[in-house]
Amino acid sequence: MIKPKLQNRLQLAHLPTPIEKLERLGKHLGGPDLYIKRDDLTGLATGGNKTRKLEFLVAEALAQGSNHLITTGGPQSNHCRQTAAAAARCGLGCSLVLRGHAPESITGNLLLDKLLGAHIYWTEGREVKAVIAEVATEQKNMGHTPYVIPLGGSNVLGASAYVFAMQELMTQLTTSNLNIDFIVFASSSGGTHAGLLLGAYAYDFRGSVLGISIDHPAEALQTQVGALATATATHLGLGTLSLAEKVSVNDDYLGKGYAQVGDLEREAIRTVAQLEGILLDPVYTGRAMGGLIDLIRWGAFTRGQSVLFWHTGGTAALPAFADKLL
Ligand SMILES: *Cc1c(COP(=O)(O)O)cnc(C)c1O
């Protein structure tokens, strides 16, 4: 089989991230064996899945002679915080275009963005694209060379990172003689999902890759992930593949919308914290784990099967949601 071409890549993450067995949670739920892949420990200013993507994205920014990163996200964006940290590590400037208005209290990721030295711009109802264009022009006028990273770092470079993360996982599974039937994780802008799906194909993972949608109807996310996986395959020299039909999304846990914490997230976060001493986040992994726990209760997986929950990070957002979590 053709293997992905090696890419221009920085070293920002602590890899490989550990795999741990969730012994007490598994027993508590009485279903499949549960494992967790700790991408919350990738290391960039409290870590998360964007660190892997930034190894490829910032490598390209540097190759193009850029000295200033611009990206966008919500007020508590983990992607923006990791981008600010990557910029600091590489000696680059950083501007973050955050959706909405400046909040009264500066906490969680927003606090870290500021400590990391990022310039913050609020959209205040304007189009993200327009604000990014303005910020880029401003940087050029100051003699800088900006590089724009898309929402969630989800282009072919970002998705490539999760193709190689799949290679990392396969090596770990072989070394520890572990068999995994399902990989379950939070899926939002689609880069992680597209990468894992393509990586599963490229490295011959025999189980299923199931994304729990955080904020999109299943069909929309499937289309997005399928298109990105196809584009990433081309980028990595894997040829023309159509993976659209293999994209598996569950959108039963959208709740009241993006970053709206409800019982599902609160209970999942408290359960995993108190049984395993592991922190999930309020927006992504809390929702995805809540979904996984619900699926286990409904009998979607059987005893004897193994499910790996891919922890994508986000714990820095916890303080910003204190009132919803207690
Ligand atoms: C961004 C993010 C995700 C979603 O990853 P995508 O590649 O955007 O789908 C999941 N979990 C956390 C904690 C994130 O910050």
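Read the numbers this way: they start at 1 and go in the same order the structure lists the ligands and their atoms.
- Screening residues 221-239 for side-chain hydrogen bond (donor to acceptor under 3.5 Å, both in side chains) gives Q7-H235 as the qualifying pairs, with residues at least two apart or on separate chains.
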Sub-3.5 Å pairs, protein N or O with ligand 1 N or O:
unit_1: ligand 1; atom_1: 5 (O); unit_2: N49; atom_2: ND2; d: 3.0
unit_1: ligand 1; atom_1: 5 (O); unit_2: T192; atom_2: OG1; d: 3.4
unit_1: ligand 1; atom_1: 7 (O); unit_2: K53; atom_2: NZ; d: 2.7
unit_1: ligand 1; atom_1: 7 (O); unit_2: G191; atom_2: N; d: 3.4
unit_1: ligand 1; atom_1: 7 (O); unit_2: T192; atom_2: N; d: 2.9
unit_1: ligand 1; atom_1: 7 (O); unit_2: T192; atom_2: OG1; d: 2.7
unit_1: ligand 1; atom_1: 8 (O); unit_2: S189; atom_2: N; d: 3.0
unit_1: ligand 1; atom_1: 8 (O); unit_2: S189; atom_2: OG; d: 2.5
unit_1: ligand 1; atom_1: 9 (O); unit_2: S188; atom_2: N; d: 2.8
unit_1: ligand 1; atom_1: 9 (O); unit_2: S189; atom_2: N; d: 3.1
unit_1: ligand 1; atom_1: 9 (O); unit_2: G190; atom_2: N; d: 3.0
unit_1: ligand 1; atom_1: 11 (N); unit_2: T312; atom_2: OG1; d: 2.6
unit_1: ligand 1; atom_1: 15 (O); unit_2: K50; atom_2: NZ; d: 3.0
unit_1: ligand 1; atom_1: 15 (O); unit_2: N78; atom_2: ND2; d: 3.0

For residues 316-326, please give each side-chain donor-acceptor pair under 3.5 Å, one per line with the distance, not counting sequence neighbours.
none

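- Q172 and K37 share a donor-acceptor pair across their side chains, judged by distance under 3.5 Å alone.
- Cation-pi contact between R52 and Y162: present, with separation from the ring centre below 6.0 Å and deviation from the ring axis of at most 45°.
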Inset, instruction - Decide side-chain contact (heavy atoms from CB on, under 4.5 Å) for Y253 and L295; before the verdict, give the C-alpha distance in whole Å, the side-chain angles of both, and the deciding distance to 0.1 Å. - result: CA-CA 11 Å; Y253 306 101; L295 289 170; 3.7 Å; yes
Please report, to 0.1 Å, the donor-acceptor pairs under 3.5 Å made by any side chain of residues 110-123, with sequence neighbours excluded.
unit_1: D113; atom_1: OD1; unit_2: R81; atom_2: N; d: 3.4
unit_1: Y121; atom_1: OH; unit_2: E138; atom_2: OE2; d: 3.2
unit_1: T123; atom_1: OG1; unit_2: G100; atom_2: N; d: 2.9

